[in-house]
Chemist: 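Below is a structure I'd like to ask you about.
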Protein chains: 2
Amino acid sequence: MSPRVGLDDAVIMQAAATIADETGLQSVTLATLAKQLNVRPPSLYNHVNGLPEIRNKLTLLGLQGLHEAMQEALSKQKQSDSDAVPGLAIAYAQYAMKHPGLYEATININTREHTEEIQQKAAELVELVSNGLRPYLSSAVEAEIIHAVRGFRSLLHGYTSLILSGGFNMAIDRDESFRYMIRAYIAGIQKS
Amino acid sequence: MSPRVGLDDAVIMQAAATIADETGLQSVTLATLAKQLNVRPPSLYNHVNGLPEIRNKLTLLGLQGLHEAMQEALSKQKQSDSDAVPGLAIAYAQYAMKHPGLYEATININTREHTEEIQQKAAELVELVSNGLRPYLSSAVEAEIIHAVRGFRSLLHGYTSLILSGGFNMAIDRDESFRYMIRAYIAGIQKS
DNA sequence: ATAGTGAAACTAATGGTATTAGTTTTCTGA
DNA sequence: TCAGAAAACTAATACCATTAGTTTCACTAT
């Protein structure tokens, strides 16, 4: 009756990530998860602490994925150092489109308690963007770099978030809009 | 036993908006709403069709509020016409900070069905931003205007969304970052 | 004034959710 | 081999939204 399904924290989170990306973050419940894994909901508590913990782990997975995607984009174009930022931006957006559920988990941190681990990973991401953006700025004043990074993140997140929410449906190419706004923003921060 | 509380669609939505702004959109439930209004949950169905409808109405309220706030910002500075956009941006952000719940309702349209009314109001908002942005653009090509509007909305939504999610906590003034990014973006779209 | 009607409240019940407690089964290592 | 820990289970509790069916109130027309 309990033939020891090979359940495991990693297996559970993999299933949760798949559900999140395929049918939306809000449909990651203990019920759907248990059904997917051929197990009764309470059994999941042997491996995981409850739904909030699962959500936190999804957030961490999303941040890690985003970080890896951008890191990879950076290393692939090390030659043309000053042109790294559009690559970063595209990597960010592509990851979000490929993993909408994990990306969504990355953002809605407001209501939840966030782990130390999550804080850490988020800071790494800021650091990465920061380094990518620095060559574009004439001033090396730390405050200006922070303003520039915040703006860049706002642009990236706003675009992806609006797309994932069903926005930008007019018959104009979204990718082109994305390239346009990145180009404009970069030009803008260089000017001042 | 049923002393005819003066319940009403408007009263219900007012309570829902308050709950949304004060304790988060996710805590707008029929249970909290009924408790707030001193009524049992099923009674609400005499006035409202269910939770999805309440959410849609909150979305509409948010869009209307946003539209009014930006419209007002426009009319208050009609003199310096070419400098309207920073005012629009500030009005947008201020409304979102003042009404975080309604603002959130404005965005998470993805999972829900949206009414014709909502589509309409959203289009009006785009139109308003579009008109505000037009004087800044050298080219009057419609596609470029759309790109510019999308970028502007992305920047606005990204900034407010990240703030509301608890981001941008470093000891650097957020308002200044906001002014920086708006200034940079405007400079960027003028350049090309 | 009062009877009747429709609206607005109610109670009760259903089915979904997370979570806890307590129990059984299975695997493993001594 | 067997004893204990780990991993599944069932049962129960406490929420939630929603529907059905019932009662009560307020108004309107006689």
Chemist: Using five base pairs at each end to define the local axes, how bent is the helix from C:dA1-D:dT30 to C:dA30-D:dT1, to the nearest 10°?
Modeler: 10°
Chemist: I'd like to check the side chain to side chain contact (heavy atoms under 4.5 Å, CB included) partners of B:S161; sequence neighbours left out, ordered by chain and number.
Modeler: A:I107, A:H157, B:H157, B:S165
Chemist: Tell me who clusters with B:M170, hydrophobic residues only, linked when side chains sit under 4.5 Å apart either directly or through other members.
Modeler: A:I146, B:I172
Chemist: Scan residues 119-140 of chain B for pairs that pass salt bridge (Lys or Arg N to Asp or Glu O under 4.0 Å), counting only residues two or more places apart or in two chains.
Modeler: B:K121-B:E124, B:R134-B:E142
Chemist: Hey, is the main chain of B:I118 close enough, under 3.5 Å, to the side chain of B:T115 for a donor-acceptor pair?
Modeler: no
Chemist: According to side chain to side chain donor-acceptor pair (under 3.5 Å), who are the partners of B:Q14, at least two apart in sequence or on a separate chain?
Modeler: B:T18
Chemist: Please list, in numerical order, the residues of residues 7-18 of chain B that have a heavy atom closer than 4.0 Å to any atom of DNA chain D.
Modeler: none
Chemist: Grab the CG-C1' distance between A:L33 and D:dA8 for me, whole Å please.
Modeler: 16 Å
Chemist: Using atom CG of A:N49 as one end and atom P of C:dT19 as the other, report the distance to the nearest whole Å.
Modeler: 9 Å
Chemist: Using a heavy-atom distance cut-off of less than 4.0 Å, which residues of residues 41-48 of chain A contact DNA chain D?
Modeler: A:P42, A:S43, A:N46, A:H47
Chemist: With respect to the side chain of A:L51, which nucleotide from D:dC9, D:dT18, C:dA18 is positioned closest?
Modeler: C:dA18
Chemist: Go through the structure and list residues passing side chain to side chain donor-acceptor pair (under 3.5 Å) with B:E176, not counting sequence neighbours.
Modeler: none
Chemist: Partners of A:H67 by side chain to side chain donor-acceptor pair (under 3.5 Å), sequence neighbours excluded?
Modeler: none
Chemist: Please state how far atom CD in A:E53 lies from atom P in C:dT19, giving the value in whole angstrom units.
Modeler: 10 Å
Chemist: Rounding to an integer number of Å, can you tell me how far B:L30 CG sits from C:dT14 P?
Modeler: 20 Å
Chemist: Checking side chain to side chain contact (heavy atoms under 4.5 Å, CB included) between A:L63 and each of A:L125, A:L58, A:L102, which is the one that passes?
Modeler: A:L125
Chemist: Figure out the CD1/P separation between B:I54 and D:dA17, and round it to whole Å.
Modeler: 9 Å
Chemist: Could you tell me the separation between the CZ atom of B:R40 and the C1' atom of C:dA9, rounded to a whole number of Å?
Modeler: 11 Å
Chemist: Side-chain donor-acceptor contacts of residues 85-95 of chain A below 3.5 Å, not counting sequence neighbours, with atom names and distances?
Modeler:
| residue | atom | partner | partner atom | Å |
| --- | --- | --- | --- | --- |
| A:Y92 | OH | A:Y103 | OH | 2.7 |

Chemist: Test of understanding: with salt bridge (charged side-chain N to carboxylate O under 4.0 Å, His left out), list the residues that count as partners of A:D9, not counting sequence neighbours.
Modeler: A:K57
Chemist: B:F178: which residues meet the ring pair (Phe, Tyr, Trp, His ring centres under 6.0 Å) condition with it, sequence neighbours left out?
Modeler: B:Y159
